[in-house]
Enquirer: 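Please read through the structure below; I'll follow up with questions.
So you know, we letter chains A, B, ... as the sequences are listed, proteins then strands, and number each from 1.
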Amino acid sequence: MPAREGTYGLLAEFETPGDLVRAARKAHDDGWRRLECYTPYPVEEAAEAIGFHRNKVPLITLIGGLLGGAAMFAMETWISVLAYPTNFAGRPTYSWPAFIVPAYEWTILWAGLSAGFGMLALNGLPALYHPLFNAPNFRDGATTDKFFLCLEALDPKFELAESKEYLETMGPVSVVEVEY
Amino acid sequence: MSSEMKKNEGGMAQISSPGAAPKQEPMTLDQVRLKLNGVRGKKFWRSLDELADTEEFRAAVEKEFPSAAQEWVDPVSRRGFLKLMGASMALAGLAGCTKQPDEPIYPYIKAPEDLVLGKPMYFASAHPFVTGAVPLLVKSSEFRPIKIDGNPEHKYNRGSSDPYTQGTLLDMYDPDRSQHAMYRGENRDWQEFAEEFRNKVASTKDGTGIYFLSSAITSPTLARQWSEVQKIYPKAKLVQYEPAIAGTFLASGLNVQYDLSAADVIVSLDADFLSSASYPGFHKLVRDYADRRKQPEMGMNRLYAVESMTTTTGLKAEHRLGLRASEIPSFAAALAAALGVPGVTAPGYGWTDDQQKFLAVLVKELKANAGKCAVIPGLYQDPSVAALAIAINAALGNTGKTVTVSSEPAIPLPSDQIGDLKALVSDMNAGKVDWLVILNANPIYDAPADLDFLSAFNKANIVAHLGSHVDETGQIAHWHIPSAHYLESWSDARAYDGTVSVVQPLIEPLYGGRSAHHVLQTLLDDPKISPYEAVRSTWKDAITKAAPGGDFEKGWRKVLHDGWIEGTTYAAASGAKLAIHGVPAPIAKDSIEVIFRPDPNIYDGRWNNVGWLQELPKPVVSLAWDNAAIVSGATLVKWGFEEDDIIEISVGNGRVKAPIIVAPGHPDNAITVYLGYGREFAGRVGSGQGFNAYLLRNTWAPFYAIGAQRKIEGKWGVAITKSHYQDHRVKSLLGQGKGDNSLEGDEAVSPAGSADGIGPRGIIRYATLDEFKANPNFAHEGYKTDTPPYDDSLFPNWTYNEPYAWAMSVDMNSCTGCNACIVSCYAENNIAVVGKQQVRIGRNMQWLRIDAYFEGDLAAPRAHFQPMACQHCENAPCEQVCPVGATVHTPEGLNVMVYNRCIGTRYCSNNCPYKVRRFNFLLYSDYETESLKLMRNPDVTVRSRGVMEKCSYCVQRIQEAKIEADKENRLVRDGEIVTACQQACPAQAITFGNKNDKESRVSKLRAQQRSYQLIADINTRPRTTYVAEVLNLNQELEVTPTEFAPAKG
Amino acid sequence: MATREVKPPDHWVDPATGEYRVIAPGQTFRSITEKIARIVLTPHTPMGWFGLFTVAGGGTMMLMVALTWLFLKGVGIWAVSQPVAWGFAIIEFVWWIGIGHAGTLISAILLLFKQSWRNSISRFAEAMTIFAVMCAALFPMIHVGRPWVAYWVFPLPFTMTVWPQFRSPLMWDVFAVSTYATISVVFWYIGMVPDFGTFRDKAESKIAQYFYGILSVGWRGSARHWMRYETASLLLAGLATPLVLSVHTVISFDFAVAVLPGWHTTIFPPYFVAGAIYSGFAMVLTLAIPLRKFYHLESLVTERHMDNMGKLMLVTGFIVGYGYGMEAFMAWYSADHWEAFTFWNRAFGPMGWSYWCLITCNLAIPLTTLWSRKLRTNIAFMFVLSIVVNTGMYLERFVIIVTSLTRDFLPSAWGTYRATKWDYMTFVGTLGFFTFMFLLFVRFLPMIPMNEIRMLLPGAKIKPKAAVGAGD
Amino acid sequence: MPQIFDRSSNALARMSLVLTGLIVIALGVTLDQLQRSPWVTRQGQRPDQPVPFSHKHHVQGLGLQCQYCHTSVEKSSYAGIPPTRTCMNCHAQIWTNAQLLEPVRNSWYTGQSIPWIKVHDLPDFVYFNHEIHVNKGIGCETCHGKVDEMPLMYAQNTLQMEWCLNCHRNPAKNLRPTSEIYNMDWDQPGVDKPVWCAAVPNVDGVPTAESVSCTRTDPSGNPAAQASLKPEALFRPVSLTTGDAAQAAPQIPYEKFTSQDELGHYLLKHYNIRTPKDLMSCEVCHR
């Protein structure tokens, strides 16, 4: 796809999480949908403020775990009962109690991998390049002690000048335009 | 290294006391590098290997890395040390994903008619041994002898054999055998020797100054050849000296046979006839003894033993009396007197109450069983004991029934060996000896110390030595001729019963060896006559007589096929009477008595370089790779020693340093030393092991002598394969409260019904004959350790409904712990020898071991012998825990070990309740030595480093039999499969077969009430079962002798 | 409790709670970020680090030497023999795995229990876990007789068409340990991603920026990301908890499933897990105490942490003690001779010394002293104690594995065990390797999770006033 | 603070993730193929032998019987490589000075073996036994391929464990009448090319090989073919019928087989071949 050009959005910087959350909630109430908060540590209120309440990570984890466990148990059974049935220590070929342990481990293994990588995938990571990093003040604060609200150009309500004033009303430290 | 150097070392071979560092100036590693300078690659390793055998090199290593020194002299780890390259190659080669290299095939030019490649052939022969030949049936693969076993058709040993005989196989393939004739260290040709010798002797006209010094001659043909030599050269002298029998009644020609099958009571006067072939008639005696014990309900014999050194004979005996060796003649005399043997008066001697009681009981028993008993004299006792025994047997009317004195001697040319040797030495000193020809003897090493044989030796003009190795004598003899092994040359020999066996070669001499027949023949009219023709002409008449239609050639072929000549047994002597000379008085009780015995494993030292025998734990003391000063626990404590301390023993002028160890039941104030160790030039395996007890042995005291001992600093580091602790546990902590029992014994042994008493493990279960009669099921009643019922298991049990279900039964009553089975197993299964250092840390690879448990006070214990190999459990704990399934169960119930699947986690070994698995911790198998490759059994994989191994019930034999049966469309017959251990066992203690065939011998044995399984309470369901012991005790003696000197240890 | 009277220096105590503060007062978002980031991003490495690094490197080299010789000669260079076929290798395997457990416990279980004090030590506890598991995983691989075919334990389609045998506890180990390693790494990495972001933004040098930039996979702290991130962390914690319990349970099966008296015991799983955590906390202390001193992190790793870990060790210590007690009790109560003898042999047999040392190190010393808050917060004492306990736990495995094996069912097969220099070299080698890895970690990775610390700061609380303000 | 990474880096990052995955998979597949490849198994490779001996010429061309050279195939585990003498039996008369045969003559005169290179080379820990296979109806061609069409000898099969088991798991699919063991062109029965077999019940001690006899010519209304259907066992002294067996032997009921599966199971029964359970047991090949 051709690299996008033009404005990505407007980025407002706040001093405290409180200010950010208030701003975000207001923007959301005012009907903004393409907006996003950026914080140096998880601030749940911020996510709720922009109307983000539940995510799909748990589901992915569940599926991954079940698949892993089933796969291992099936393999063990196939190996011991069908592939090369042998008399080990006079135990039955289908020694299910013994098979549980590896199956259990694999359930956890695949659940864990799904959780970790599922989360990254849902977050669209890795994304080494991001327009926000073009903002002069973003990288200085976003991962340390500053709190940002970003209204994105894709939002139908977005109109560069108006939106900028709109943000100014929320008492940010600064508002900057972010280029793609 | 140059042979000159060898000469020097030889010169000092017996001066420098063994164990002490050699005297030549040590060389530094720089010199070593110098020596190795220029050689590269394979050659480098080879020369390094050769170098490693030299004394100076060891000295050098010892100097520069002391820690490595011990490793270095140890053959196995030295090989490891040198063959790092080899090891890493193996490592690379074994890796799963490498392709194997091209292998060439070298077909015959003309294939031999009778050869089917891949099918073994069997030839009858015999092992000519000084106590009587052992008739053999030798398995040969592609014309290489690969397994020696007794001749099943021969009525003397009926297929059984013994450790010595089994060991001779490795002896033949010994890479250190001398490889060519030598004159003053330069290679020569046999012909040259023959010429020179013949001419020289001819020039003397009557043979003046020509002396032969030979080991005891066992071959009638050789005797015949000698008599012919005598005819031509009357002045030539033959001296026989066999260190192990010199001075015994055997050497002087007394020849007695016993028929124990008819004896209800057997009395051994220091006769160790159950533990090794060093006693004449071992195979037959054990067989007959055991046959009378297999079915106690049919009645049993009863064995009394009066003995000095503790032997398995004594420990198997119902009642054993430990006496100092020097007391035994007097005891015999006392016994004879009490039995009213004419002309014998009881010597006045202060017998203890116990001893008197024992004597009284013996008298009573013998009288009661006159004609149904046998008194057997010790071979290593004063000849008077033998004379007394014969007299006693005669007096009891045993002669002709259980005892036969034969008219012919057991060795063709009986002689006063010690006397003759003395004469030879004085002649040498007198310069009368022009040529001394030594035939298969090693006097420099084993001649009595007081003769100072070496200095006399140097006075002889020319010395020629015929020997299998360039040994101590060969080192300094002018001529050395490699001698042919008995598997390489024609000869003949007589078994215990006199039957003549033709010794038939199985293979061309590997190193062009010659036999004594050749040497003597060179002096006769036609030197070209081969031993083959010589043997044939010796027996022409006898064979022709026995042959169908009097056709000699037919008869000869029959002899070669059967392995013996009919109608050659000894004739009984008419009215054998033996003059009883004075009975030697016992040595004072407070003086130390040193007892000499040939080694149970390497005999007089001739098998010193046989790894199998070196690694074999000796009976009773479980000592491998060494001999030791064996004493009683009380004596050890009295002298203030600990086991493995080094002491110096001195007799006369002889001194040796020896490790001291304890043998339960050994008489106090006495030291038993085994002969045959401390060799300087035995070879890579034997050299430097143990100490040379011959240095203590003098012409005036060949069997026991007064000696002294003193402490030397340091520990020896003996390799004892069995842990032995004393039970110091107090009653509240599972113990017996007294510290005189063996901990292992207390744990293992459970006499009938005493399940909650000592030994709740129920490993050894036995009863007295009366208890057994009262309760035939004693082996199961009250034991918590029996197999739980099938439905106790959570898992459904595996069912074995195949036509075959292999199983083994071991009769504890019969096993005498002679170790023949172990050596047989070595040969059959290509088991590696690991060396002393590895044995010390418990890594010996024997698939089969014989557990000995001592019951009761260690001063006078009762012992129980238990052959222990893989039990082939149906619910094998080892299989369950193997992550890669390298050990599995076959449908026929074998627990098989798949070497090439094993990754070596060793979990199986941990989980094996019987600890019968063996692991290749290092590269134990020898992949370099060519001659050993020829010896291996082609049907068994040679295990490499890092894999587990264990008894397989000789699965290769099972497979072979099954394939035969399948081809012929039938089931394998009972007895068709014989395991290696079973085959060797003289006592027939081991039975193998198909447990699903209700008619098979093994099924019947398993059905016996006496048969039980080991550690069955953990539901392993072993396929090997044991038949519990029954002892035919004499009530009067059952109250064991009271107090003993404490032996806290 | 009497010791409660002891008053600690005031500024450490949170006036609100009267409890120790988790982190010292007067810290701001930026100050802690700077503090932690500097350790890594500073161009000049402290001399001490180099010194220690050289020592650890030496240890690693020793390990390499020992392994080379091992592969050339075979496991025979160790003391393993008949009947003691498992020796130091397996002892160390179990020991290292045990060490690892505390890391997971701190990062996972305490997270679930919302123990915020864990935040400052969780990261390097996790790192410890990973390196410990690396050391542990080494042993099963090298202790086999033919390491070059060790890969046969994996169910792969070889032309032999034979497969692993899943009834063997060793197979369970294969999966338990590999899973444990993987999950720990994932958990660890996920935890570090936001901090990598911080580093990326704090780093001056281009290389550092690229390095951490890539590691941070472009993390930008979006609220939606944070939400998913939090869920994933919680899930991983929730998974790691049963995992960590299962791993040492499976390890204990190696013994409990065997028939050997002294191994065949049902108490093993709980008692192994407790023991693992016990030794794990000891190791955390052994590492944390020098670290906070060296990098002046007293304000972040405080007495509060010492105190709590001390309490946890007290608890697990008692569980372990209960385990020992049960073994003794069952030896008598079961009336089973095998058990009874084995216990007698442990305590009074030839290797009894190891048993009594173990009792001293694991029970006698810690369980008497850890009651005292004063001692719990005494840095020097805790350091010594942590080492004592680690020794004790090593001895515990020695007693279980070696002593049981020396004397089992058949008295004729009894033996003994004496470790060789190669055994010791291998063990010391792994210690070196562990330190080696750990030093690399503290030098190049965030050893304290900044994003989690931030949440502990007063500034992180959203003021109610703000909420009211939001209303109008 | 500027961007660190270029716009392209996102695509790059994702790409590299995918690639890593692909590489891992590819590696696995490669190794799996490698272990089965002729490079490892030597399947189909013709090592250069001292003499370019042509089985095609000797078997197909001259009609030599397998056992003429491989003498012990029926009575030993080892089939046997002919001694030089066997070559010289003929080549003393014919091709006496062919250059190709120089090594043979050389070996004959010097007494040095001809150093052949092993084509069918099993690992040393595998104990294969020819006699039992040959006696139970596994033809040479089943394992060694159509030797009569091999100018230079090569291994038709991998000889890997999976290949062995392939048959041990289900012997029926390769069994043939023992009379056809040495037949290189035996093709398995089909609807168009049926096989007729007659069998007598097994007798203890009588080799199973003799209890079955088969023919390819339809015996119905063909006395000759019927006569040929009398199993050898009948002619033994220890056989079921007494007296002069050949004549007195009753007409043996015969069956028709139109598929290898039918024939295989028929032979399984009459050769009483072990069950797959037995045949797959480790000790069968490893000791």
Side-chain angles (χ1 to χ4, degrees), chain B residues 96-112 115-119 802-804 829 885-892 894-901 937-944 947 952-960 962-971, chain D residues 31 34-35 39-42 47 71-72 74-86 88 107-108 110-118 121 123-127 129-132 135-136 202-211 271-275 277-278 281-284 286-287:
Chain B
C97 48
T98 50
K99 54 193 282 186
Q100 38 178 338
D102 274 330
E103 275 193 61
I105 317 174
Y106 298 105
Y108 278 99
I109 310 305
K110 308 186 181 73
L115 173 70
V116 179
L117 286 173
K119 281 264 183 264
E802 300 277 314
Y804 309 116
N829 293 305
T887 180
V888 309
H889 235 66
T890 72
E892 291 161 3
L894 291 179
N895 167 267
V896 291
M897 182 69 220
V898 190
Y899 310 121
N900 40 301
R901 174 65 174 171
N937 180 353
D939 297 332
V940 177
T941 311
V942 177
R943 282 81 58 188
S944 181
V947 302
S952 64
Y953 271 174
C954 287
V955 63
Q956 66 279 9
R957 296 187 176 197
I958 298 176
Q959 286 305 313
E960 194 185 353
K962 273 168 65 184
I963 285 174
E964 271 318 303
D966 277 10
K967 274 173 68 183
E968 293 168 21
N969 181 34
R970 57 170 173 85
L971 288 181
Chain D
L31 287 175
L34 194 65
Q35 65 171 349
W39 180 78
V40 170
T41 65
R42 302 269 168 96
T71 49
S72 54
E74 279 187 357
K75 42 188 198 292
S76 164
S77 58
Y78 180 57
I81 294 291
T84 312
R85 169 183 235 126
T86 314
M88 292 307 281
S107 140
W108 183 248
T110 60
Q112 299 294 318
S113 299
I114 310 171
W116 299 103
I117 293 186
K118 227 171 176 184
D121 188 8
D124 295 351
F125 48 72
V126 179
Y127 291 85
N129 183 305
H130 274 96
E131 59 178 321
I132 193 65
N135 279 281
K136 294 286 180 185
N202 284 325
V203 190
D204 196 41
V206 180
T208 49
E210 300 176 8
S211 61
Y271 289 161
N272 73 52
I273 308 259
R274 300 185 167 278
T275 63
K277 191 171 102 193
D278 292 351
S281 179
C282 303
E283 96 280 21
V284 169
H286 303 295
R287 292 156 208 176

Enquirer: B/V896 and D/C282: which non-hydrogen atoms are nearest, and at how many Å?
Expert: CG2-CB, 4.2 Å

Enquirer: When you compare the side chain of D/D121 with that of B/E103, does any pair of heavy atoms fall below 4.5 Å?
Expert: yes

Enquirer: Under a 4.5 Å heavy-atom cutoff, which of D/V284, D/D124, D/I81, D/V126 has the most pairs with chain B?
Expert: D/I81

Enquirer: Measure the CD-NE2 distance between B/Q956 and D/H286 for me, rounded to the nearest 0.5 Å.
Expert: 15.0 Å

Enquirer: Are D/E131 and B/K119 close enough for a salt bridge, meaning some N to O gap below 4.0 Å?
Expert: yes

Enquirer: Keeping the roles fixed (side chain from D/K136, backbone from B/D966), state whether a donor-acceptor pair exists under 3.5 Å.
Expert: yes

Enquirer: Is any side-chain heavy atom of D/S72 closer than 4.5 Å to one of B/V116?
Expert: yes

Enquirer: List in chain and number order the residues that pass salt bridge (Lys or Arg N to Asp or Glu O under 4.0 Å) with B/D102, two or more places apart in sequence or in another chain; answer none if no residue qualifies.
Expert: D/R42

Enquirer: Quick one: what part of B/S952 sits under 4.5 Å from any heavy atom of chain D, side chain, backbone, both or neither?
Expert: neither

Enquirer: Just verifying a value: how many Å separate B/Y106 OH and D/Q112 CD, rounded to the nearest 0.5 Å?
Expert: 10.0 Å

Enquirer: What part of D/N129 gets within 4.5 angstrom of chain B, counting heavy atoms only: side chain, backbone, both, or neither?
Expert: side chain

Enquirer: Which residue out of B/T890, B/V955, B/N829, B/V888 racks up the most heavy-atom pairs below 4.5 Å with chain D?
Expert: B/T890

Enquirer: Using non-hydrogen atoms and a 4.5 Å limit, figure out which bit of D/P82 sits close to chain B: side chain, backbone, both or neither.
Expert: backbone

Enquirer: What part of B/L971 gets within 4.5 angstrom of chain D, counting heavy atoms only: side chain, backbone, both, or neither?
Expert: backbone

Enquirer: Given that the side chain runs from C-beta out, which part of B/E960 has a heavy atom under 4.5 Å from chain D: side chain, backbone, both or neither?
Expert: neither

Enquirer: I'd like to know whether D/W108 forms a side chain to side chain contact (heavy atoms under 4.5 Å, CB included) with B/I109, so could you lay out the CA-CA distance, the side-chain angles of the two residues, the decisive distance to 0.1 Å, and finally the verdict.
Expert: CA-CA 7 Å; D/W108 183 248; B/I109 310 305; 3.8 Å; yes

Enquirer: Can you tell me how far the CD atom of B/E892 sits from the CG atom of D/D278, to the nearest 0.5 Å?
Expert: 6.0 Å

Enquirer: According to side-chain hydrogen bond (donor to acceptor under 3.5 Å, both in side chains), who are the partners of B/Y804, at least two apart in sequence or on a separate chain?
Expert: none

Enquirer: Quick one: of D/G80, D/P47, D/P83, who has the most non-hydrogen atom pairs under 4.5 Å with chain B?
Expert: D/P83

Enquirer: Minimum heavy-atom separation for B/K967 to D/E74, with atom names?
Expert: NZ-O, 3.6 Å

Enquirer: Checking D/P115 against chain B: side chain, backbone, both or neither under 4.5 Å from a heavy atom?
Expert: both

Enquirer: Under a 4.5 Å cutoff for heavy-atom pairs, which residue among B/P938, B/P104, B/P107 has the most contacts with chain D?
Expert: B/P107

Enquirer: Output the distance between atom OG1 (D/T275) and atom CD (B/E802), rounded to the nearest 0.5 Å.
Expert: 5.5 Å

Enquirer: Check each atom of D/Y127 against the heavy atoms of chain B and say whether the ones under 4.5 Å are side chain, backbone, both or neither.
Expert: side chain

Enquirer: For the CE atom of B/M897 and the CD atom of D/E283, what is their distance to the nearest 0.5 Å?
Expert: 14.0 Å

Enquirer: Between B/T941, B/I963, B/I105, which residue shows the highest count of heavy-atom pairs closer than 4.5 Å to chain D?
Expert: B/I105

Enquirer: Rounded to the nearest 0.5 Å, what separates atom CG in B/L894 from atom OG in D/S281?
Expert: 8.0 Å

